[in-house]
There are 2 protein chains.
Amino acid sequence: MQMKHELDIETAANILKLLGDKTRLTMIKILADHECCVCEFVALFQMTQPAVSQHLRKLKDSGLVKESRKGQWVFYSLNPSHPSHAFVRNVISDLPNQLSKLEELESQGKRISCD
Amino acid sequence: MQMKHELDIETAANILKLLGDKTRLTMIKILADHECCVCEFVALFQMTQPAVSQHLRKLKDSGLVKESRKGQWVFYSLNPSHPSHAFVRNVISDLPNQLSKLEELESQGKRISCD
DNA sequence: TTACCATATAAGCATATTCTTATGTAGGTG
DNA sequence: CACCTACATAAGAATATGCTTATATGGTAA
């Protein structure tokens with residue numbers, strides 16, 4: 001049985017501030033369903049690689065997102081064992097899913113896969 | 001039957017940025033259940049009156065919160081007809097309620113009422 | 001009217017945020 | 001080894017944010 005985690009208002013505010021950026025919010029929404037590596041986000045957002053890297057670092061520093069190396073790539077995904085994981089999932093549940101963006105990448109042959 | 005409002009990710013990010021501040025998030029959580037006037041928030045947060053007023057202005061400018069004059073006071077409350085009202089309620093649903101703060105005010109005789 | 005109370009607005013300042021460009025690091029491959 | 005690819009980090013600049021103090025506004029009361 002899953003214990004409901006008590007979320008204090010200051011912690012929540014910090015998480016919402018982190019999500020209160022279009023780029024990071026889109027990242028989180030995508031990562032909720034799919035692992036992604038940095039270069040995919042660079043292609044998706046048409047931002048420079050350092051800018052993407054810095055957003056991902058903020059997400060990783062919060063613990064909401066974790067990374068794993070696979071070959072030469074670093075894949076990011078939501079960290080399901082973060083105390084506020086459920087809160088984040090709830091916040092993003094109403095957002096339109098961003099699958100079309102990934103499909104676009106796929107059709108351009110830019111989707112990375114390690115299978 | 002209530003139409004579900006489609007929430008685009010940029011709008012959501014802007015709302016989350018607005019809520020990503022401890023003071024404003026607490027305000028919204030309180031306003032979700034109770035009307036409050038500025039001077040009550042000043043007492044609650046132990047902030048200067050202009051600081052409180054500026055936070056409320058941001059909330060009002062977004063349309064999430066509305067005001068109504070009653071006598072010499074301006075009362076604020078959540079605006080239930082805002083397109084993202086349901087989203088906001090969902091975001092704050094997990095937060096601890098802030099009733100104890102209002103009760104504290106009450107016991108100090110600082111709660112304003114217009115009944 | 002004058003004075004007071006609740007609130008809003010303006011201006012200035014310190015700090016935070018987010019980008020940019022340049023450079024560092026680490027794994028994979030010839 | 002040298003070189004490439006993927007990514008991280010550093011430093012700097014522009015802008016945004018959140019406070020402060022001072023002042024304006026608008027309703028109420030004497």
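Reminder, nothing fancy here: chain letters follow the sequence lines and each chain counts from 1.
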Ignoring backbone atoms, test whether [X] places a side-chain nitrogen or oxygen under 4.0 Å from the OP1 or OP2 oxygen of [N].
X        : N       : result
Lys70(B) : dG27(D) : no
Arg69(A) : dA6(D)  : no
His55(A) : dC19(C) : yes

inquiry  = Evaluate Ser62(A) against Arg24(A) for side chain to side chain contact (heavy atoms under 4.5 Å, CB included), listing each step before the verdict.
reply    = CA-CA 12 Å; Ser62(A) 75; Arg24(A) 286 192 298 268; over 6 Å; no

For [X] and [N], give me the distance from atom [atom1] to atom [atom2], rounded to whole Å.
X        : N       : atom1 : atom2 : result
Asp61(A) : dT18(C) : CG    : P     : 13 Å
Met47(A) : dA8(D)  : CE    : P     : 14 Å
Lys58(B) : dC19(D) : NZ    : C1'   : 11 Å
Met27(B) : dG18(D) : CE    : P     : 12 Å
Leu18(B) : dT17(C) : CG    : P     : 16 Å
Leu59(A) : dT18(C) : CG    : C1'   : 14 Å
Phe45(A) : dC19(C) : CZ    : P     : 11 Å

Give me, pair by pair, the N or O atoms of the protein and of nucleotides 8-11 of chain C that are less than 3.5 Å apart, along with how far apart they are.
from    : atom 1 : to       : atom 2 : distance (Å)
dA8(C)  : OP1    : Tyr76(B) : OH     : 2.5
dA8(C)  : OP2    : Ser53(B) : OG     : 2.7
dA8(C)  : N7     : Gln49(B) : NE2    : 2.7
dA8(C)  : N6     : Gln49(B) : OE1    : 3.2
dT9(C)  : OP2    : Arg57(B) : NE     : 3.4
dA10(C) : N6     : Gln54(B) : NE2    : 3.3

Look for any protein N or O under 3.5 Å of an N or O in nucleotides 28-30 of chain C and output each such pair with its distance, or none.
none

task = With heavy atoms under 4.0 Å as the rule, sort Lys17(B) into base, sugar-phosphate or nothing.
result =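 It contacts sugar-phosphate atoms only.
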
task = Describe the nucleic acid contact of Lys22(B) in one word from base, sugar-phosphate, nothing, applying a heavy-atom distance below 4.0 Å.
result =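 Nothing, no nucleic acid heavy atom in range.
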
query = Is it true that Trp73(A) and Val42(A) fall in one hydrophobic cluster, defined by side-chain heavy atoms closer than 4.5 Å?
reply =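 In one cluster: no.
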
Could you tell me if the side chain of [Y] sits less than 4.5 Å from the side chain of [X], heavy atoms only?
X        : Y        : answer
Ser84(B) : Leu7(B)  : yes
Phe87(B) : Leu16(B) : yes
Leu64(B) : His85(B) : no

Residues, nucleotides or ligands: over 12 heavy atoms within 6.0 Å of Gln46(B) CD =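 Atom CD in Gln46(B) is not crowded, with 12 or fewer foreign heavy atoms closer than 6.0 Å.
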
ask   = According to the interplanar angle, ranging from 0 to 90°, do the rings of Phe41(B) and Phe45(B) count as parallel (below 30°), tilted (30 to 60°) or perpendicular (above 60°)?
value =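 Plane angle under 30°, so parallel.
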
ask   = side-chain hydrogen bond (donor to acceptor under 3.5 Å, both in side chains) between Thr11(B) and Asn14(B): does it pass, once the steps are laid out?
value = CA-CA 5 Å; Thr11(B) 303; Asn14(B) 287 333; 5.8 Å; no

ask   = Salt bridge or not for Glu35(A) and Lys70(A), using N-O below 4.0 Å?
value =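 Looking at Glu35(A) and Lys70(A), the cut-off is met.
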
